[in-house]
There are 2 protein chains.
Amino acid sequence: MTTQKSSAHDKAAVPDIVIGRLPIYLRTLTIFRNSGKDVTSSQELGEYLGISSAQIRKDLSHFGEFGKQGTGYNVAYLCKQLEKILKVDCVWPVLLVGAGHLGHALASYEGFENRGFRITGVFDSSQEKVGGQIGNLVVQPMDELNDFVSRQRCQIAIIAVPAEAAQNVANLLIKVGVKSILCYAPITLTLPPHVQVEYIDPVIHFQHMTFYLSKGCIDS
Amino acid sequence: MTTQKSSAHDKAAVPDIVIGRLPIYLRTLTIFRNSGKDVTSSQELGEYLGISSAQIRKDLSHFGEFGKQGTGYNVAYLCKQLEKILKVDCVWPVLLVGAGHLGHALASYEGFENRGFRITGVFDSSQEKVGGQIGNLVVQPMDELNDFVSRQRCQIAIIAVPAEAAQNVANLLIKVGVKSILCYAPITLTLPPHVQVEYIDPVIHFQHMTFYLSKGCIDS
């Protein structure tokens, strides 16, 4: 199934920074929907997100007409359309490398399933960890990666290993055909251009908040 | 010490979405600096980040003149200025609530220290966890929160507890005077307007990447 977007538009035409905002819109719209809100506006969404309503309307206009002038957006409909555009109107298999503390936390994370993702395999290079239970999965050795990825047609991986191991893990993932990597290690991976990477970086969030705080440091 | 920004400008004048991009610029400029690059341009930065060079110049122009027409930006200087603007030219104390797997992972995270932050206290409500070692810290009971926050003048907290406990923890943190919360739990907190919250949400990153993938779901 192709999405509204990819069938109707040229991906290259939409700036990546716009694509990056769509999941944030979807998250907020889903909160609205779950709280029983039927209709919203770019103004309301913008106030909630700290983004201008003009920006939101411009972003969404890349993908079609979702609201009528004056009447606003149907929340449930816009959720559905964004899910289609982002291709999360289904569940993607995700493999996790790293069965340490972070891996355990991620395996029991409740935020994936109803938003389009499920961790279906956990891998670790440590012989002590292989065979152990993590969530409802058994930790597999790294040399099972290849079979797993081709069997599940898994394109998405999470790297939850120490910084010094992350690049090697990324190289392995690319070798077996993974196309998108979410990296929790505090390093910048070197990857071929056809592989997507995103980083979980708590400091980006801290630094956004400290801007608004009056300085209070340990050694300033 | 006040930052260049807060001394020279009205915070309200700069859109929050611009502030949110500054840490991303700083992260990339720091990578450039650490790789020995002396000079960069809004074009180079933009290509690296997938943001238009005009946007980057516009964002930075809120805070002053950082580059000369044609000669580009001095990387080290711009890093220093952004660190000042974001107030991370120092180390902020951060308290962590939740000594589970995620808490252990965060306590040993190597990405905080040289970017302006240090976890200086870990708290948990479980009697089994209190008194235990996590990283180089001893897990404290929740009723120590108040003393800790006033003693360290700690304004920033990480919530690393299960979703069903997160709101109560947030309420406690606000009561003792925490002003900024980074929440790892997959819920949306209800908070008074004077408290900042950011969420670590891996799904936002996944959904950004699936847009570019050809659909390959478990049950699509």
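Given the structure is predicted, the values throughout are model-derived calculations rather than measurements.
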### Query
When rounded to the nearest 0.5 angstrom, what is the spacing between CZ in R153(A) and SG in C217(B)?
9.0 Å
### Query
If you measure from CZ on R21(A) to CD1 on I17(B), what distance do you get to the nearest 0.5 Å?
5.0 Å
### Task
Pick one of side chain, backbone, both or neither for Y184(A), based on which atoms fall under 4.5 Å of a heavy atom in chain B.
both
### Message
Do Q196(B) and T210(A) make a side-chain contact, defined as non-hydrogen atoms from C-beta onward lying under 4.5 Å apart?
### Response
no
### chain B contacts, top residue of A105(A), S52(A), G116(A) (heavy-atom pairs, under 4.5 Å)
A105(A)
### Query
Do the side chains of I156(A) and L213(B) get nearer than 4.5 Å, heavy atoms only?
yes
### Query
Can you find a pair of side-chain heavy atoms, one from D16(A) and one from H208(B), that are under 4.5 Å apart?
yes
#### Entry: Enclosure of K37(B) NZ (heavy-atom neighbours >12, cutoff 6.0 Å)
yes
#### Entry: Between H104(A) and H101(B): side-chain donor-acceptor atoms closer than 3.5 Å
no
### Task
Can you tell which part of L82(B) gets under 4.5 Å to a heavy atom of chain A, answering side chain, backbone, both or neither?
neither
### Query
Considering only heavy atoms from C-beta outward, does the side chain of I158(A) approach that of H205(B) to under 4.5 Å?
no
#### Entry: Distance, nearest 0.5 Å, that separates OG of S108(A) from CG of L102(B)
9.0 Å
#### Entry: For the student: nearest non-hydrogen atoms of M209(B) and S180(A), plus distance
SD-CB, 3.7 Å
### Query
Taking the six-membered ring where the residue is Trp, are the ring centres of F112(A) and F206(B) under 6.0 Å apart?
yes
### Query
Can you check whether V88(B) reaches V203(A) side chain to side chain, under 4.5 Å on heavy atoms?
no
### Task
For the residue pair I19(B) and Q207(A), establish whether any side-chain heavy-atom pair is separated by less than 4.5 Å.
no
### Rounded distance [0.5 Å steps], CG in L182(A) versus CD1 in I204(B)
11.5 Å
### chain A contact via R27(B) - which portion, at a heavy-atom distance below 4.5 Å
side chain
### Task
For G111(B) and P186(A), work out which heavy atoms get closest and say how close.
CA-CB, 3.7 Å
### Query
So what's closer than 4.5 Å to chain A heavy atoms on V94(B): side chain, backbone, both or neither?
side chain
### Query
With chain B, which of I187(A), L49(A), I181(A), L106(A) has the greatest number of heavy-atom pairs at distances under 4.5 Å?
I181(A)
### Task
Determine the option with the most heavy-atom pairs under 4.5 angstrom with chain B, choosing from Q55(A), K179(A), Q155(A), Q152(A).
Q155(A)
### Task
Pick one of side chain, backbone, both or neither for I31(A), based on which atoms fall under 4.5 Å of a heavy atom in chain B.
side chain
### Summary
Smallest heavy-atom separation, K87(B) atom then F211(A) atom, equals NZ-O, 2.9 Å
### Test item: K215(A) and W92(B) side chains (from C-beta on) under 4.5 Å apart, heavy atoms
yes
